[in-house]
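Here's the structure, in structure tokens; my notes come after.
Every number for a ligand or one of its atoms is a count from 1 in the order of the listing. Numbers for residues simply follow the sequence, beginning at 1.
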Amino acid sequence: MELVICIGSSCHLKGSRQVVERLRQLIEEANLMDKVALSGTFCMGNCQKGISVTLDGKLFSLSPENVDGFFEDEVLARG
Ligand code: FES
């Protein structure tokens, strides 16, 4: 699985750094380090809805508050 997080300035201001850190933690806890590739990208053109994250090309709008739910529903579900 490929998880790409926007680190453009708008998403950065909304907390993309926290989202990256939290995702990294969750991936480690779930022992998915060899299954999930985490990377960053610049603005995805979705600033208004950011923090923009794509999972295998599908776009999601995350926040530091909903990142755990996203991980459970989308990442773990695909496991
Ligand atoms: S800065 Fe993240 S979508 Fe524009």
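Contacts of D56 classified as salt bridge (charged side-chain N to carboxylate O under 4.0 Å, His left out), with partners at least two apart in sequence or in another chain: R78.
Within the structure, side chain to side chain donor-acceptor pair (under 3.5 Å) pairs that include any residue of residues 44-54 comprise N46-S52 (at least two apart or interchain). A ring-ring contact (aromatic ring centres under 6.0 Å, His included) check over residues 5-63, counting only residues at least two apart or in different chains, returns the pairs F60-F70.
If you take CD on Q18 and CD1 on I5, they are separated by 13.0 Å, rounding to the nearest 0.5 Å. Rounding to the nearest 0.5 Å gives a distance of 10.5 Å between OG of S9 and NZ of K14.
The cluster map of Ile, Leu, Val, Met, Phe, Trp and Tyr, joined by side-chain heavy atoms under 4.5 Å apart, puts L59 and I7 in different clusters.
Listed by chain and residue number, the protein N/O/S atoms under 2.8 Å of atom 2 (Fe) of ligand 1 are C6 SG, C11 SG, with waters left out.
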